[in-house]
Amino acid sequence: MMPSRVRLLSAALLLLAACQRPSASRSALGGGVPPRQAPVFPGGWRFAPGTPAAFGEKFMIASNERRASDAGNEIIRAGGNAVDAAVAVGFALAVTYPVAGNIGGGGFMVIRMADGRNAAIDYREVAPLAAHRDMYLDAQGNPTNESIIGYRASGVPGAVAGMAEALSKYGTMTLSQVMQPAIKLARDGFTVDSALYGSLASSKEYLARFDARDVFYTNGAPLTIGSTFKQPALARTLEYIAQQGPKAFYEGIVGDSMVAAMTRGGGIITTADLKAYKPEWRTPIRASYRGYTLFSMPPASSGGITVTETLNMLETWPTLPAWGTPEYAHILGSAYQRAFIDRNSKLADPAFVKVPIEQLTSKSYAQALAKTIDPAKKTPTPKDGSQIVDGMHTTHYSVVDDKGNAVATTTTLNNGYGSAVYLKNVGFFMNDEMDDFATAPGKPNMFGLVQYEANAIAPGKRMLSAMSPTIVLDPRGELLLVVGAAGGPRIITATSQVILNVIDHRMNLSDAMRAPRLHHQALPDTLMVETGGLTKEAEDGLRRIGHGIRYMGGLANVNAVMRVKGGWEGVSEPRVGGTGGTSAR
Ligand code: DON
């Protein structure tokens with residue numbers, strides 16, 4: 001007999017299904033990709049479906065900052081490929097988007113060349129050689145905030161070495177060529193807009209205790225909107241790197257400045273740490289989902305495995321419930337919950353921990369897990385954790401060039417403006433990536449993530465990431481979607497929901513990006529939903545089967561590019577400023 005809870009849920013489902021009125025197709029995508037359908041968002045949701053996306057006939061770049069995307073545009077117009085452009089965007093973001101763009105942090109890049117080659121490069125920071133498991137615990141064994149703010153919070157930066165390595169293998173231009181747009185933006189300056197002003201205004205207190213206060217603020221006030229912001233120290237650093245290669249960052253004046261600042265401020269990064277840093281080429285996680293193929297990031301990021309594990313569970317439903325229904329939210333949230341239980345306990349730097357990649361990404365394992373999802377009842381996560389904090393920063397950019405090569409890159413300082421430590425002489429912020437380790441295994445980090453021994457601190461180890469740069473091919477093997485996000489653990493859930501919105505719910509890219517998102521990360525054992533993102537019926541249906549629901553302002557920050565008839569659409573995260581970050585031809 002059907003339990004009453006299921007009956008109620010089904011009634012809500014029928015009600016909602018009646019509201020879903022798919023419209024005619026927007027575009028024929030070919031490649032076995034079905035036509036698009038217009039979604040119905042909950043009444044009062046802040047974005048309307050049907051908003052146009054940026055379009056480019058030949059190529060498209062979507063990032064969080066238009067001038068950085070324009071840097072990539074300039075490089076493709078000059079004959080560069082997507083990798084050349086991505087590296088140009090990466091360095092430009094370090095200039096125009098200092099909250100997350102960086103040379104003092106690290107990231108991950110997934111590459112798909114038009115000739116069929118694919119690759120993934122891991123340029124995640126590593127723990128300094130003097131790091132140790134309990135370095136952020138006080139006398140009582142409680143975590144301090146030293147893994148988040150100040151000189152001790154930084155891992156050894158990987159961005160410069162990683163981008164240079166990606167360029168040397170898959171690019172066609174020299175480092176100096178692709179860095180010119182960034183150097184110009186730093187040297188000649190760029191106009192401060194309301195986005196940069198707003199970011200600095202909200203980070204004033206965070207940045208007040210270190211040298212950034214003298215560069216990004218005047219008498220305590222953020223850079224004025226409309227003024228030209230020049231960064232001569234950063235321009236010099238970028239010029240050294242352009243002329244001498246990554247060595248100029250890890251050694252010489254820049255490396256010495258980093259180490260001197262660390263020594264003065266009580267940090268632990270040494271010359272030996274900088275010399276030892278190496279990016280790692282990895283085999284991308286290759287997943288299949290309903291005939292589509294995904295290439296995504298393996299450890300030291302958890303992104304690829306966790307997205308794959310989730311999609312594999314969802315694939316066991318021949319058709320997923322309609323978007324917006326409580327049944328869909330329940331299945332999706334429960335799949336995330338299960339994938340995050342594995343993520344939080346089993347994933348870590350593969351040089352230190354044996355990660356069961358094959359098992360976690362296998363269809364049979366997902367089938368067994370999916371069977372534990374009870375349609376009538378939410379299952380609890382074993383222990384409870386704490387809350388997620390909003391307002392962190394990372395940045396993802398997606399690039400497709402005019403030859404069909406694609407790059408998905410996510411890079412971060414971790415927190416907005418990293419550890420808040422700004423190296424004035426050399427012009428950049430240092431990361432606070434050490435907090436991505438389980439600094440106190442079993443206790444929540446700043447994202448409320450509860451992780452365990454596998455991800456404990458050890459010298460030379462990479463801290464586990466959630467960054468999920470992903471490239472999706474359609475059933476005929478043609479490039480369809482380049483996607484990824486910022487947002488800590490919400491990176492995984494937001495990235496995969498854009499993919500699901502495109503594949504299962506047949507939304508166009510603009511709608512797929514604007515659809516309300518939800519998130520579950522096992523602990524805290526709560527379904528997080530964007531405010532206004534559920535109908536009353538859906539909320540009631542979910543609560544009835546046991547979900548705790550927590551509303552949040554905005555979940556994650558995605559930048560994506562998708563193939564459409566005759567070209568490419570690009571959408572920069574609408575939650576933080578619309579299509580301002582795309583650049584195309
Ligand atoms: O690597 C990670 O998973 C985190 N350091 C990412 C941090 C982040 O996305 C902050 N957000 N917006």
Side-chain angles (χ1 to χ4, degrees), residues 63-65 93 97-102 104-110 122-127 147-149 153-155 157-159 162 199 202-203 206 296-307 340 343-344 347-349 388-397 408-420 429-439 444-451 455 457 461-470 483-496 517 519 521 528 552-559 572-573 575-577:
S63 81
N64 277 122
E65 213 288 318
L93 282 168
Y97 194 66
V99 64
N102 67 79
F108 300 96
M109 184 184 285
V110 174
D122 170 338
Y123 47 98
R124 183 68 157 169
E125 301 89 330
V126 300
S147 62
I148 298 175
I149 186 163
S154 298
S199 167
S202 61
S203 301
Y206 191 65
S296 59
M297 201 64 218
S301 183
S302 62
I305 291 181
T306 315
V307 167
F340 266 90
R343 179 216 180 268
N344 297 347
L347 303 192
D349 182 345
I388 279 189
V389 183
D390 258 324
M392 311 298 167
H393 269 287
T394 290
T395 192
H396 173 85
Y397 48 101
T409 306
T410 317
T411 180
T412 190
L413 291 165
N414 197 20
N415 219 342
Y417 301 100
S419 62
F429 284 100
M430 291 297 290
N431 68 81
D432 59 347
E433 222 71 64
M434 292 296 281
D435 194 65
D436 273 351
F437 279 116
T439 56
N445 74 356
M446 75 166 137
F447 300 109
L449 268 179
V450 180
Q451 307 173 95
N455 191 30
I457 302 175
K461 186 175 177 183
R462 283 162 152 82
M463 55 296 282
L464 185 65
S465 172
M467 291 189 269
S468 311
T470 304
V483 61
R490 292 158 280 160
I491 290 172
I492 291 170
T493 49
T495 302
S496 53
R517 297 176 185 149
H519 175 75
Q521 60 179 37
M528 288 161 235
M552 312 207 34
L555 290 172
N557 179 336
V558 183
N559 292 301
S572 283
E573 180 55 59
R575 288 155 186 77
V576 294

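Each ligand, and each atom within it, is numbered from 1 in the order the structure gives. Side chains are part of it too, since the values below use all heavy atoms of this structure and drop only hydrogens, waters and symmetry mates.
- When heavy-atom distances to ligand 1 are checked against a 4.0 Å cut-off, N414 comes that close through both its backbone and its side chain.
- Distances shorter than 4.0 angstrom occur between a heavy atom of R124 and an atom of ligand 1.
- Salt bridge status for E433 with K461: absent, with no side-chain N to carboxylate O gap under 4.0 Å.
- Although no hydrogens or angles enter the test, the distance criterion places a donor-acceptor pair under 3.5 Å between the side chain of S301 and the main chain of M467.
- Within the 3.5 Å criterion, the main-chain N or O of G418 finds no donor-acceptor partner in the side chain of N414.
- Here the two rings, on H519 and F340, have centers that are under 6.0 Å apart.
- Remark: D436 pairs with R124 by the salt bridge (charged side-chain N to carboxylate O under 4.0 Å, His left out) rule, at least two apart or across chains.
- Short contacts between ligand 1 and I491, defined as distances under 4.0 Å to a heavy atom of the residue, involve ligand atoms 9 (O).
- Polar contact check, L464 against ligand 1: no nitrogen or oxygen pair lies under 3.5 Å apart.
- At under 3.5 Å, a nitrogen or oxygen of T394, whether backbone or side chain, sits near a nitrogen or oxygen of ligand 1.
- Judged by distance alone, the side chain of N559 and the main-chain N or O of V483 form no donor-acceptor pair under 3.5 Å.
- At under 3.5 Å, a nitrogen or oxygen of G487, whether backbone or side chain, sits near a nitrogen or oxygen of ligand 1.
- Interface atoms of ligand 1 facing H393, defined by a heavy-atom separation under 4.0 Å, are 10 (C), 11 (N), 12 (N).
- Heavy-atom proximity to A466, at under 4.0 Å, picks out these atoms of ligand 1: 1 (O), 2 (C), 3 (O).
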*Assess whether side-chain hydrogen bond (donor to acceptor under 3.5 Å, both in side chains) is satisfied between S147 and D432, documenting all intermediate values.*
CA-CA 6 Å; S147 62; D432 59 347; over 6 Å; no
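- Taking a cut-off of under 4.0 Å to the non-hydrogen atoms of F447, the atoms of ligand 1 that pass are 7 (C), 10 (C).
- Only side-chain heavy atoms of E433 come within less than 4.0 Å of ligand 1; its backbone N, CA, C and O stay farther off.
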